[in-house]
Peer 1: 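One structure, as structure tokens, below. Some questions next.
None of these values were measured; they are calculated from a predicted model.
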Amino acid sequence: MTFPRLHMAPKPALPGSLYFPTHTSTKCKCSNDNGLQEARRDRRIRKGGIAASLFILSSAISIEGLLINNPSLAFSPLAILSSIFVASRLPVYIPNPPLKLNEDVEIRDSPGRGMGVFSKRRIVEGTYLFDYIGEHLDEAMYLERYPPNTPGASSDYVVDLTNGDPFALDPIFIDGANTNASGLARWINHGADEASRNVRRQHQHWPTRVMRLFAARDIEPGEELMYDYGTRYWEGREDMVR
């Protein structure tokens with residue numbers, strides 16, 4: 001694994017502000033074939049089916065509310081759906097600018113894991129670390145780049161942002177394989193146990209879909225940063241070092 005190119009940190013913001021890091025995500029340019037077109041068509045059908053079901057259910061509840069002269073029941077579906085939508089689109093609060101390479105953290109050998117990210121100073125719990133940066137892929141782009149059951153198609157540096165999507169109908173992936181198009185987060189290793197997992201993930205769906213990393217507890221100088229990759233990541237990778 002080659003040493004990463006230095007990642008230039010975005011312009012700092014005032015502490016405690018709602019900070020939006022400005023980074024560039026490269027869009028993958030992939031061609032389409034009949035199989036991918038069918039996958040997209042199937043997804044559109046599923047979206048339409050779920051939307052129609054929700055409309056019929058909310059309409060039935062509203063009509064029932066009107067028939068029994070209960071305005072609260074009549075407008076409750078709209079209120080519930082609006083609340084769910086708004087809550088799922090709130091941006092993630094960021095209390096500080098991202099950490100800097102060679103100032104706050106460093107990248108060096110992690111025994112048995114290749115390279116890893118290590119703290120150079122004490123990082124207090126709740127500190128914003130940085131985003132997982134890379135190429136943004138939709139489902140078709142991801143499947144074309146990493147076809148299932150294909151030797152050599154390794155998606156080791158891909159993060160699935162589907163987490164938080166209740167119907168998993170709009171999957172977005174971030175591919176950090178290219179060191180020139182990614183950042184520090186790609187070098188963070190998996191924590192095999194709770195004691196080693198000092199980083200937590202948080203997915204943001206609006207205004208941009210990203211995965212943000214925070215200190216899950218106080219991190220001491222020289223300690224390696226790790227988080228839980230999740231059980232889905234290890235499917236088919238059972239022989240890899242964790």
Peer 1: Would I107 end up clustered with F118 when hydrophobic side chains under 4.5 Å apart are linked, directly or stepwise?
Peer 2: no

Peer 1: According to a 4.5 Å side-chain heavy-atom criterion applied to Ile, Leu, Val, Met, Phe, Trp and Tyr, with indirect links allowed, do M226 and M115 form part of one hydrophobic cluster?
Peer 2: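 Different clusters: M226 never reaches M115 through Ile, Leu, Val, Met, Phe, Trp or Tyr contacts under 4.5 Å.
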
Peer 1: Is there a path from L225 to L213 through hydrophobic residues (I, L, V, M, F, W, Y) whose side chains come within less than 4.5 Å of each other?
Peer 2: yes

Peer 1: Less than 4.0 angstrom from a charged side-chain N to a carboxylate O is my criterion; do R122 and D218 meet it?
Peer 2: yes

Peer 1: Distance to the ring centre below 6.0 angstrom and angle to the axis at most 45 degrees; does that hold for R200 and F214?
Peer 2: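 Flagged: R200 positioned over aromatic ring of F214.
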
Peer 1: So D131 and M211, side-chain contact (heavy atoms from CB on, under 4.5 Å) or not? Walk me through it.
Peer 2: CA-CA 6 Å; D131 288 358; M211 186 179 83; over 6 Å; no

Peer 1: Are the side chain of D104 and the backbone of R121 linked by a donor-acceptor contact shorter than 3.5 Å?
Peer 2: no

Peer 1: When you compare the side chain of F173 with that of S155, does any pair of heavy atoms fall below 4.5 Å?
Peer 2: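 They are not in contact (no side-chain heavy atoms under 4.5 Å apart), so the answer is no.
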
Peer 1: Are Y146 and D175 side-chain neighbours, meaning at least one heavy-atom pair lies under 4.5 Å?
Peer 2: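 Heavy-atom side-chain distance check passes, below 4.5 Å.
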
Peer 1: At what distance, to the nearest 0.5 angstrom, does CZ of R201 lie from CD1 of I188?
Peer 2: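 The CZ atom of R201 sits 11.0 Å away from the CD1 atom of I188.
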
Peer 1: Might you point out which heavy atoms bring Y132 and Y157 nearest each other, and give the distance in Å?
Peer 2: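 Heavy atoms only, the tightest pair is OH-O, 2.7 Å.
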
Peer 1: So I123 and L129, do their side chains get closer than 4.5 Å, heavy atoms only?
Peer 2: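 The answer is yes; the side chains approach within 4.5 Å.
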
Peer 1: Between R197 and D193, which heavy-atom pair has the shortest distance, and what is it?
Peer 2: CG-O, 3.2 Å

Peer 1: Does this structure show an ion pair linking E135 with R145, if we count only N-O contacts that are shorter than 4.0 Å?
Peer 2: yes

Peer 1: So if I apply the side chain to side chain contact (heavy atoms under 4.5 Å, CB included) rule between K120 and each of E106, E103, K100, which one comes out positive?
Peer 2: E106

Peer 1: Report yes if the distance between the aromatic ring centroids of Y128 and F130 is under 6.0 Å, otherwise no.
Peer 2: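 No; F130 has its ring centre 6.0 Å or more from that of Y128.
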
Peer 1: Can R212 and Q204 be said to form a side chain to side chain donor-acceptor pair (under 3.5 Å), step by step?
Peer 2: CA-CA 7 Å; R212 305 214 143 127; Q204 174 178 289; 2.7 Å; yes

Peer 1: Strictly distance-based, threshold 3.5 Å: is any side-chain N or O of D109 a donor or acceptor partner for the main-chain N or O of P111?
Peer 2: no

Peer 1: Would the distance check show the side chain of R186 and the main-chain N or O of I133 forming a donor-acceptor pair, the cut-off being under 3.5 Å?
Peer 2: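 No, R186 side chain to I133 backbone: no donor-acceptor pair under 3.5 Å.
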
Peer 1: Which heavy atom of G126 sits nearest to which heavy atom of P95, and what is that distance?
Peer 2: O-CG, 3.9 Å

Peer 1: Taking side chain as C-beta onward, heavy atoms only, is N96 less than 4.5 Å from T127?
Peer 2: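 Yes, close enough: below the 4.5 Å cut-off.
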
Peer 1: Tell me whether R217 is salt-bridged to E223, with the criterion being a basic N under 4.0 Å from an acidic carboxylate O.
Peer 2: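 Salt bridge between R217 and E223, a charged N being under 4.0 Å from a carboxylate O: yes.
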
Peer 1: State which residue, out of I219, N198, L99, fulfils the side chain to side chain contact (heavy atoms under 4.5 Å, CB included) condition with S119.
Peer 2: I219

Peer 1: Would you say that I174 contacts H136 through its side chain, given a criterion of any heavy-atom pair below 4.5 Å between the two side chains?
Peer 2: yes

Peer 1: Within the side chain of S182, is there an N or O that forms a donor-acceptor pair under 3.5 Å with the backbone of N178?
Peer 2: yes

Peer 1: Write down the atom of S196, the atom of G191, and the distance for their closest heavy-atom approach.
Peer 2: OG-CA, 3.4 Å

